[in-house]
Structure formats: structure tokens, C-alpha cells
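Lettering of chains follows the sequences in order, A, B, ..., and the numbering in each one begins at 1. Bear in mind that the values here come from a model prediction, so they are computed numbers and not experimental data. Computation of the quantities below employed the complete heavy-atom set of this structure, encompassing side-chain atoms and omitting hydrogens, waters and symmetry-equivalent molecules.
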There are 2 protein chains.
Amino acid sequence: MSDTRQAILAAARSAVQARGYNALSFREIGKEIGVKSASIHYHFPTKGDLGAELARDYTAQGKAYLDELSACDSAVGCFDGYLAIFRKALEDDNRMCLCGIMAAEQHDLPEQVRVEVSRFTDMNVAWLESRLESLLPELRADAPHDRAIAIFAAIEGAQLVARGRSDATMYDRAIQSYRASGLIPG
Amino acid sequence: MSDTRQAILAAARSAVQARGYNALSFREIGKEIGVKSASIHYHFPTKGDLGAELARDYTAQGKAYLDELSACDSAVGCFDGYLAIFRKALEDDNRMCLCGIMAAEQHDLPEQVRVEVSRFTDMNVAWLESRLESLLPELRADAPHDRAIAIFAAIEGAQLVARGRSDATMYDRAIQSYRASGLIPG
DNA sequence: ACCTGAACACCGTTCAAGT
DNA sequence: ACCTGAACACCGTTCAAGT
């Protein structure tokens, strides 16, 4: 893959995690990496093509990370690792999960981007569900799929709210309550 | 207050709940209500002024609604009413909490809008905290403020994720798990 | 008091033209 | 294969000018 294409993807990912899909600008990316905005259209014909590729790569890399995490010692440790990903985005210039921020922009997304955002959610929910099942019957989650959706949504929400206040400790406090109440194991 | 000003606010609120602050367009609102975009600047000098007013009104109306809700019979019924607000936005053309969607756009918001979004969060957390305290010691929430943050974040997240899939039942399932796990009373 | 047209620098997109 | 300049219709904003 060409260097320019890689540079576009890197700059675009960073921009979307910070400011969202709508704020993504071909001209700004062009300035950042030293090409004209028209050149970016050579690699990604439309903004939707770029957004979809961004989400696709993000999901693939997330999946690779989670597959490693599945091999960790304790099930509770797995959740620690999972929660750390979302915390890290906040630490990194108050960024957000790429697909979380795009979910908020749902109505403005081209269909091809929407599909990829959904795939990211599915991937996360499936991983959480398999982790929950490995904790049974200890956890007694009688509806692991719905519980997985709930955990994913709660974590995304904690990130969203903490980010809205530029205060990562709000994320920590929400997570602590999720655990204290029994929503998240640990 | 002038009719035009009211029409601007109504059209703008609907647009932001559907598509976010970034997608809010003076020209589109102008077309919708039958004035030129330049006229809107007469009422709201900048987009930030309009966004801030939007969030301010939204918080005030939310507070009025929650104050009524506080007088309801049972504490659990209070939470039912609260949860229904967020569900209703999804039913209404897959819309989102005005301040929830703006929180996702944090980095693009003028400071004056950010302040108002924070006030909305504070108002909600304070209300939830007072509801939790009225349930003590039944609930044994040893950190009601953090628990209130957690509940607010979890609900916003459930709305965000359900909206990303255009599937309001995902919201229901997440909420059901929040209750089953004990995060939300009821 | 309220609205407008015209201008400015932005945006994604297209396309013919360059190397 | 990869990049560009110029054009198009959009955007928020400003401001002098209208009523």
C-alpha cells in the first residue's frame, strides 16, 4: 500500500476520533500530509469511501487486540484490558472510540460507513458475550447477549460523558459504579 | 419573543437532535422557515450563540419535566419516567438527546456551547442523585453521586448504541440488563 | 426592528490536464 | 500510477444597504 494512502488513513483516523466524521476535511488532511485535496480523491473517491475504510481497519485492529486479550489469565483481567482501551482514548487528547463518535453522527453517514460502524458494535458485543459465558455460572447472567450489549453501551456512554467534560476521572467513577452494582464483573 | 426567533429555535433543535451541531446549517434553517440565512444572524450572531441557547432551553425544559416527575408515587416509577424520555427521542425519527449528541462533538463546540452541555449533565446527575438518596438505605448505594453519573452515562450510551443501529429495542434490552444487574433500581 | 444581497474564505466533488 | 488547478455548489460570517 502506498505511503500517501497510509498517511491519509492515519491523519483521518486521528481527526475523526478527535472531531468526528462531519469535521473530517479533505483539504485539512491534504495540508497535513502535503498533497492537494484532489489527490486524496484519487485514493478515496468519496468521503464515504474513506470513512468506511477507517471503520473497517479500526474494527480489524480492535479484533486483533481483543483476540490477544482473550488469552489472559483471569476473566476479570480480560475486562480490565477491555476497559483500558476506552480509557486510553480519553487520555490521548480527549479522543473517542472511532465508531462511538460516528454512531452519534449516524444520520449524516453514508450507508457504507453505517454498515462498518454496525460491524464494530457486533464485534465488540460478540467478544463481550463470549467473555461473559466463560464466567458462567459464577455471574448468573441469564441473558448474556443483552448483557453484552448493556456493557458495551454503558462503556461507550461513560466515555461520551467523560469526554464531554474533558474529565477522564468521570469515566473511572462510572466504571467503578458499573462494577460495584454488578453490571461489569470484577 | 419574535415568531422568527421561535421558528429558528424549533427548526434548529430538531436538526441538531437528528444530525448534530456540525450539521446545523443557517442556510437550511433559513429555507425551512422562509428567511435568508443572513437574517438568522440578526437573532443569533454566531452559530455558537444559537447552539448555546438551544442547550440552555433544552436543560430548562428538561428540568421542569423532571421536577414534575419527582412528585410521582414510587421512586421506581420516577426512573420509569426518566428512562421514557430517552426512549422517546429514539422513537421520534431516531433522534438523540440534544446534549448527548453535542457531547460527542465536544471538540468542535464553541466554549459557550460546551458550558451549556456541561450544565445539562450536571442537572441530570443532580436529579438522579436525589432520586437515589430517596431510595436509601434500600439501595445501599454508598456513592450516590458516582452512581448517578454511572446511570446517566449508561442511559446516554444505550441511546447512542441503539441509535447507531436504528433499533430502539437495543435500548430496551440494555436498560433491562441495567435493572437486572442492579445498576438502575427497579 | 428586522431583513437582504453580495462578498469572503471555507467545504466535497469532478474532471481535464499534467508527470 | 499519481498528482494538480480550476470550476461547481455548498458552508458560516460580515456588512452596507434596504424597509
Side-chain angles (χ1 to χ4, degrees), chain A residues 1-55 98 101-102 105-114 116-117, chain B residues 1-55 98 101-102 105-114 116-117:
Chain A
M1 195 183 321
S2 81
D3 286 353
T4 302
R5 188 184 165 87
Q6 285 293 15
I8 293 167
L9 285 168
R13 181 195 287 208
S14 175
V16 172
Q17 285 196 253
R19 318 209 293 126
Y21 178 83
N22 276 323
L24 186 62
S25 156
F26 276 44
R27 281 181 166 89
E28 266 180 34
I29 294 175
K31 264 177 212 155
E32 200 176 322
I33 66 172
V35 294
K36 296 294 164 186
S37 79
S39 310
I40 300 176
H41 288 280
Y42 172 76
H43 297 280
F44 302 97
T46 69
K47 192 170 159 177
D49 292 319
L50 175 55
E53 173 87 26
L54 237 34
L98 183 93
I101 197 166
M102 279 184 166
E105 301 176 288
Q106 221 258 3
H107 207 291
D108 288 309
L109 301 179
E111 186 55 29
Q112 55 184 334
V113 181
R114 251 183 238 144
E116 296 301 332
V117 171
Chain B
M1 195 181 325
S2 80
D3 286 352
T4 302
R5 188 185 166 88
Q6 285 294 14
I8 293 167
L9 285 168
R13 180 194 287 209
S14 175
V16 172
Q17 285 196 252
R19 319 210 292 125
Y21 177 84
N22 276 322
L24 186 62
S25 156
F26 275 45
R27 280 182 168 87
E28 266 180 33
I29 293 175
K31 263 176 214 156
E32 200 176 322
I33 67 173
V35 294
K36 296 294 164 186
S37 79
S39 309
I40 299 177
H41 287 279
Y42 172 78
H43 298 279
F44 302 96
T46 69
K47 193 170 158 175
D49 292 320
L50 175 54
E53 173 86 25
L54 238 34
L98 184 94
I101 196 166
M102 280 183 164
E105 301 176 288
Q106 220 257 3
H107 206 294
D108 288 309
L109 301 179
E111 184 56 30
Q112 56 184 333
V113 181
R114 253 184 235 141
E116 295 302 332
V117 171

Report task. Check DNA chain C for consecutive Watson-Crick or G-U pairs with both distances under 3.5 Å and list the runs of at least three as stems. Result -> C:4-8 with D:12-16, C:12-16 with D:4-8
Query raised in the report: For A:R13, which residues count as a salt bridge (charged side-chain N to carboxylate O under 4.0 Å, His left out) partner, sequence neighbours excluded?
Result: none
**Report entry** NZ/NE/NH1/NH2 to OD/OE distance under 4.0 Å, B:K31 and B:E28
**Finding:** no
Report summary line: So CD1 of B:I8 and CD of B:E32: to nearest 0.5 Å the spacing works out to 11.5 Å
**Report entry** Test side-chain contact (heavy atoms from CB on, under 4.5 Å) applied to B:L9 and B:L50, step by step
**Finding:** CA-CA 8 Å; B:L9 285 168; B:L50 175 54; 3.9 Å; yes
Query - CZ-NZ distance between B:R27 and B:K36, expressed to the nearest 0.5 angstrom - result: 10.0 Å
Query raised in the report: To the nearest Å, how far apart are A:H41 NE2 and C:dT14 P?
Result: 8 Å
Report task. Output yes when a side-chain donor or acceptor of A:K47 lies under 3.5 Å from a complementary backbone atom of A:L24, and no otherwise. Result -> yes
Requested in this report: Quick one, give me the B/S/- string for nucleotides 1-11 of chain D, reading 5' to 3', where B means a protein heavy atom under 4.0 Å from the base and S means that only happens at the primed atoms, P, OP1 or OP2.
Outcome: SBSBB-B---B
**Report entry** NE2 on A:H43 to CG on A:D49, rounded to 0.5 Å
**Finding:** 13.0 Å
Query raised in the report: Can any side-chain N or O of B:E105 pair as donor or acceptor with the backbone N or O of B:Y21 at less than 3.5 Å?
Result: yes
